[in-house]
Asks: 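Take a look at this one; I'll ask things after.
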Amino acid sequence: MENTYTMEAGDWVIWQMSSQISDALYSSDFNADFLLVDKDFLLEYNPEKVWASKAFVFIKKNPVFHLDERGKAMIEHNLIQIKRRIAEAHLFQKEILGRQLQIFLLDLWEIYKNAMENIQQTDNSSALLFTRFMNLLPEHSKTQREVAFYADKLCVSAKYLSEVVKKSSGHPASYWINGYAMQEILSLLKRPDLTFAEISQQMNFYNPAHFTRFVKKQTGDSPSELKIKINMEKK
């Protein structure tokens, strides 16, 4: 389904990575700042999972958002700080940019807060079910990766939950479950005191081989390959 959006002076636009943009028309006086964020970098420095999930759904339906003076000042301040950090050399540039991105996202969700809450209060039962599903993930995705587990918690069938999640977000329930699990795995892989077997046990996999297959399927890399990449990024 195609939608048409109009952007005016003072508007903030977010195009998610899965968005397909076509037939963009610009006025002769068009001027804008752009911020492109790598998916892996965004996932690594995601500061808060529940609000990130709410924002994902809100932005998908509302890519164009009109900023009031307070929101505009917050966005401009964050963009200036990010530009400054990108331009200057620093031993910990990636880490500093990551923290700056976290501040930016927290400010962004503060700007969106009232709009997201108003939609949730008036939205239909499907949207509310999706929100309840997303709220379960931070608590359970570390050890529970079956859609049926969440469906049982929400007192619906696994098929119905999958349909609702797909309709609400454009992704199946398993996408979100596995995504949350991978964020936790990446966090654990950064710890030098944990073996792969210990991580596998913490994440409630049947055995280390099953853990390895899961990571390989989600990322294309084995846990040992991911560990090497993580260690290289630290240097």
Side-chain angles (χ1 to χ4, degrees), residues 1-3 14 16-19 39 42-63 65 102 105-106 108-189 198-219 223:
M1 180 179 179
E2 294 185 357
N3 295 308
I14 296 182
Q16 295 176 342
M17 285 168 252
S18 58
S19 301
K39 178 182 177 182
L42 182 63
L43 289 175
E44 182 177 356
Y45 289 98
N46 173 22
E48 205 284 332
K49 296 177 181 178
V50 173
W51 276 94
S53 302
K54 293 179 181 179
F56 176 88
V57 176
F58 175 79
I59 292 166
K60 186 176 180 65
K61 296 180 180 179
N62 304 273
F65 189 84
Q102 290 177 332
L105 291 174
L106 292 173
L108 187 62
W109 299 334
E110 165 65 20
I111 292 169
Y112 284 164
K113 178 183 66 176
N114 291 335
M116 286 193 287
E117 289 178 347
N118 289 337
I119 285 179
Q120 288 178 12
Q121 290 172 2
T122 60
D123 218 344
N124 57 36
S125 59
S126 293
L128 292 176
L129 179 63
F130 174 75
T131 299
R132 290 172 60 203
F133 165 72
M134 296 303 292
N135 288 340
L136 289 174
L137 294 179
E139 180 182 359
H140 298 289
S141 60
K142 184 175 179 178
T143 57
Q144 301 292 337
R145 288 174 292 279
E146 297 295 331
V147 176
F149 170 86
Y150 298 92
D152 184 61
K153 284 280 186 183
L154 297 168
C155 301
V156 297
S157 70
K159 180 180 179 182
Y160 180 69
L161 178 61
S162 296
E163 291 174 351
V164 166
V165 173
K166 177 72 172 179
K167 180 179 179 181
S168 298
S169 68
H171 296 286
S174 59
Y175 169 89
W176 294 105
I177 297 169
N178 294 337
Y180 270 69
M182 275 308 308
Q183 286 188 51
E184 182 63 28
I185 289 171
L186 289 172
S187 177
L188 293 174
L189 286 173
E198 289 171 331
I199 296 174
S200 172
Q201 186 176 23
Q202 284 195 31
M203 295 295 296
N204 197 33
F205 284 95
Y206 302 128
N207 52 50
H210 184 217
F211 166 66
T212 297
R213 286 196 297 271
F214 176 84
V215 173
K216 184 79 172 178
K217 182 177 180 181
Q218 298 301 316
T219 67

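These numbers were taken from a predicted model, which means no experiment stands behind them.
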Asks: How far does CG of L188 sit from OG of S200, to the nearest 0.5 angstrom?
Replies: 11.0 Å
Asks: Judged by atom type as modelled, is there a donor-acceptor pair below 3.5 Å linking the side chain of R145 to the main-chain atoms of M203?
Replies: yes
Asks: Rounded at 0.5 Å granularity, tell me how far CD1 in I111 sits from CZ in F65.
Replies: 7.5 Å
Asks: With rounding to the nearest 0.5 Å, note down the distance linking CD in E198 to CZ in F211.
Replies: 11.5 Å
Asks: Using 4.0 Å as the upper bound for N to carboxylate O, is an ion pair formed by K166 and E163?
Replies: no
Asks: From Q201 CD over to N207 CG, what is the distance, rounded to the nearest 0.5 angstrom?
Replies: 11.5 Å
Asks: Please tabulate, for the side chains in residues 173-182, all donor-acceptor contacts under 3.5 angstrom to protein atoms that are two or more places apart in sequence or on a different chain.
Replies:
unit_1: W176; atom_1: NE1; unit_2: S169; atom_2: OG; d: 3.0
unit_1: N178; atom_1: ND2; unit_2: S174; atom_2: O; d: 3.2
unit_1: Y180; atom_1: OH; unit_2: K49; atom_2: O; d: 2.9
unit_1: Y180; atom_1: OH; unit_2: S53; atom_2: OG; d: 2.4

Asks: Please give me the minimum heavy-atom distance between N204 and T143, naming the atom from each residue.
Replies: ND2-O, 3.0 Å
Asks: Determine whether a donor-acceptor pair (N or O, by modelled atom type, separation under 3.5 Å) exists between the side chain of N62 and the backbone of F58.
Replies: yes
Asks: Sequence neighbours left out, what pairs pass salt bridge (Lys or Arg N to Asp or Glu O under 4.0 Å) with at least one residue falling in residues 200-210?
Replies: none
Asks: Does a sphere of radius 6.0 Å around CD in E110 hold more than 12 heavy atoms from other residues, nucleotides or ligands, not counting ones at 6.0 Å or beyond?
Replies: yes
Asks: Does atom NZ (K216) have a neighbourhood of more than 12 heavy atoms from anything else shown, all under 6.0 Å?
Replies: yes
Asks: Side chain to side chain contact (heavy atoms under 4.5 Å, CB included) between I185 and F205: does it pass, once the steps are laid out?
Replies: CA-CA 12 Å; I185 289 171; F205 284 95; 4.2 Å; yes
Asks: I need the H140 NE2 to N135 CG distance, nearest 0.5 Å.
Replies: 10.5 Å
Asks: Measure the acute angle between the ring planes of H210 and Y206, then classify it against the limits of 30° and 60° as parallel, tilted or perpendicular.
Replies: parallel
Asks: Any side-chain heavy atom of L105 sitting closer than 4.5 Å to one from P47?
Replies: yes
Asks: Would a distance-only check, ignoring hydrogens and angles, find a side-chain to backbone donor-acceptor pair under 3.5 Å from S187 to Q183?
Replies: no
Asks: Is the shortest heavy-atom distance from the side chain of I59 to the side chain of Y112 under 4.5 Å?
Replies: yes
Asks: Report all side-chain donor-acceptor pairs from residues 147-155 shorter than 3.5 Å, counting only partners two or more places apart or in another chain.
Replies:
unit_1: Y150; atom_1: OH; unit_2: S141; atom_2: N; d: 3.3
unit_1: Y150; atom_1: OH; unit_2: Q144; atom_2: O; d: 2.7

Asks: Output the distance between atom CG (L186) and atom OG1 (T219), rounded to the nearest 0.5 Å.
Replies: 7.5 Å
